[in-house]
Amino acid sequence: LLHESVATMTRIQEMGLGQFGMPWNVHATLFTSSDTMNALLQKLKVDNAQKLSEEESDDEAVVWPFDNIVMLDRIDGAVLSVDSCCEKCCRKPDQGSRMDKWNLKCAAVRYSPYKLTMYLDSDVYVCDSDGVQEYFEKMKSNECGMYISSDGQNGGGHLEEDVVPKLFYERNTGVMMYNAEDEGVRKIMELYGKKYVEQVGKNPSIGHDQPAMREVLYGMEQRGELMGTKVCELPRNVHCRGVWPFKTKRSLESLECVFTHGDNRIRQRRKFKLPCRRDREREEYRALVGTEVKWE
């Protein structure tokens with residue numbers, strides 16, 4: 001995953017983000033754990049040895065794109081952990097622990113060192129820097145405190161309808177843009193991590209972090225706790241996730257992808273790629289409509 005993170009951030013920096021940074025000057029922080037970082041370093045040693053043996057030129061080397069590395073497992077209190085589980089809960093060895101990847105993710109978004117933050121899962125490719133800048137400008141002008149997409153379903157765990165209505169869908173937390181200094185946003189991120197740990201300890205259906213974000217956003221809205229913060233929809237034709245865009249020809253033609261999520265621009269073994277907003281030729285994508293899309 002770290003290898004994919006480096007590849008993704010390298011592509012972001014190659015494009016630059018307008019006034020937010022020229023190429024190779026986009027500020028990025030890598031949130032990780034000690035174990036994962038050690039695994040990456042071992043992989044880089046092997047990769048570099050192979051490059052040297054193949055006599056590859058320096059021009060082909062990938063420049064390390066991160067300004068900061070934060071080892072979340074080394075910060076006291078950064079990563080929460082569940083106190084106890086029901087008999088059927090926490091079925092995976094690390095679920096609810098300090099090494100739970102969803103727990104680490106909740107901590108990462110909470111500890112952003114940047115006022116305007118774009119959180120990305122490692123399988124997200126940012127393919128249009130102008131599009132990113134448009135959303136950042138809206139946050140700078142306080143039009144929105146946070147952008148996040150509806151997932152269109154509730155696959156991460158069952159929540160009773162008296163807690164969250166069925167049609168208040170999960171939000172896809174693979175792409176989040178937010179103002180980390182906004183009071184309401186800070187409250188969302190604080191409760192997000194706490195709610196995930198609470199759900200994991202009590203609900204055996206919880207599979208990841210999205211049910212926690214769903215319950216937090218709905219609860220804060222209903223209780224009037226957003227403090228004026230606007231949580232805005234990141235359209236699903238902008239955050240293009242998996243097979244979302246391949247339902248109909250019309251939906252495919254309406255794509256304005258700024259983010260492609262789960263795309264083979266990173267994972268080359270996948271059989272298709274998603275079009276970016278600036279791609280002009282889309283006939284190759286339309287041929288996929290109506291077909292069964294499979295991962296290799």
- request: Determine, using the 4.5 Å side-chain heavy-atom cutoff (strictly less than), whether Val231 and Met227 are members of one ILVMFWY cluster.
  value: no

message: Counting C-beta onward and ignoring hydrogens, is there a side-chain heavy-atom pair between Leu104 and Phe31 closer than 4.5 Å?
response: no

field: Atom pair CD (Glu137) and CD (Glu143), whose distance is rounded to the nearest 0.5 Å
entry: 11.0 Å

query: Nearest heavy-atom pair of Thr229 and Gly145: which atoms, and what distance?
result: CG2-CA, 4.3 Å

field: Donor on one side chain, acceptor on other, Glu181 and Asn179, under 3.5 Å
entry: no

field: Nearest-0.5 Å distance that lies between atom CZ in Arg110 and atom OH in Tyr192
entry: 10.0 Å

task: Indicate if Met220 and Met213 have the same hydrophobic cluster label, given that clusters are the connected sets of ILVMFWY residues with side-chain heavy-atom separations under 4.5 angstrom.
output: yes

message: Given 3.5 Å as the limit, does a donor-acceptor pair link the side chain of Gln210 with the main chain of Gly155, or not?
response: no

Contact check, side chains of Ile188 and Leu226, non-hydrogen atoms, under 4.5 Å: yes

query: If you round to the nearest 0.5 Å, how far is NE2 of His208 from CD of Gln199?
result: 11.0 Å

statement: Val109 and Met176 have their tightest heavy-atom pair at CG1-CE, 3.5 Å

task: Would you name the heavy atoms of Pro204 and Cys89 that are closest together and state the gap between them?
output: N-SG, 3.5 Å

- prompt: Does Tyr169 offer a backbone N or O that forms a donor-acceptor pair with the side chain of Asp151 under 3.5 Å?
  reply: no

query: Mind checking whether Arg214 and Arg171 have side chains closer than 4.5 Å, heavy atoms only?
result: no

Within 6.0 Å of NZ in Lys230, more than 12 heavy atoms from elsewhere: no

- request: Please indicate whether Glu225 has more than 12 foreign heavy atoms, meaning atoms of other residues, nucleotides or ligands, lying under 6.0 Å from its CD.
  value: yes

- prompt: Could you give the distance from CD1 (Ile69) to OG (Ser34), rounded to the nearest 0.5 Å?
  reply: 11.0 Å

query: Does Val164 offer a backbone N or O that forms a donor-acceptor pair with the side chain of Glu215 under 3.5 Å?
result: no

- prompt: Are the side chains of Leu217 and Phe168 in touch, meaning some heavy atoms are under 4.5 Å apart?
  reply: yes

- request: Decide side chain to side chain contact (heavy atoms under 4.5 Å, CB included) for Leu159 and Asn154; before the verdict, give the C-alpha distance in whole Å, the side-chain angles of both, and the deciding distance to 0.1 Å.
  value: CA-CA 9 Å; Leu159 302 180; Asn154 300 316; over 6 Å; no

Check: Val200 and Trp102 side chains under 4.5 Å, non-hydrogen atoms: no

field: Non-hydrogen atoms of Cys240 and Asn237 that approach each other most closely
entry: SG-O, 3.5 Å

query: Is any NZ, NE, NH1 or NH2 atom of the basic residue among Asp121 and Lys105 found under 4.0 Å from an Asp or Glu carboxylate oxygen of the other?
result: yes

query: Of the non-hydrogen atoms in Gly193 and Cys106, which two are nearest, and what is the gap between them?
result: CA-CB, 3.7 Å

field: side chain to side chain contact (heavy atoms under 4.5 Å, CB included) between Val70 and Tyr111, intermediate numbers included
entry: CA-CA 9 Å; Val70 177; Tyr111 275 79; 5.6 Å; no

- prompt: Given Tyr178 and Met189, is the side chain to side chain contact (heavy atoms under 4.5 Å, CB included) satisfied, shown in steps?
  reply: CA-CA 10 Å; Tyr178 55 96; Met189 297 311 182; 3.9 Å; yes

- prompt: Looking only at side chains, do His239 and Ser149 share a donor and an acceptor under 3.5 Å apart?
  reply: yes

query: Just how far is it from atom CE of Met71 to atom CG of Asp35, taken to the nearest 0.5 Å?
result: 10.0 Å

- prompt: Any side-chain heavy atom of Leu120 sitting closer than 4.5 Å to one from Phe259?
  reply: yes

- line: Residues Val175 and Leu234: closest non-hydrogen pair is CG1-CD2, 3.7 Å

message: Contact between Met177 and Thr117 at the side-chain level, heavy atoms closer than 4.5 Å - yes or no?
response: no

- prompt: Do Lys194 and Glu190 touch side chain to side chain, with heavy atoms closer than 4.5 Å?
  reply: yes

task: Look up atom OG in Ser112 and atom CZ in Arg186, then write down how far apart they are to the nearest 0.5 Å.
output: 12.0 Å

task: Could you walk me through whether Met146 and Asp182 pass side chain to side chain contact (heavy atoms under 4.5 Å, CB included), step by step?
output: CA-CA 9 Å; Met146 179 179 182; Asp182 182 283; over 6 Å; no

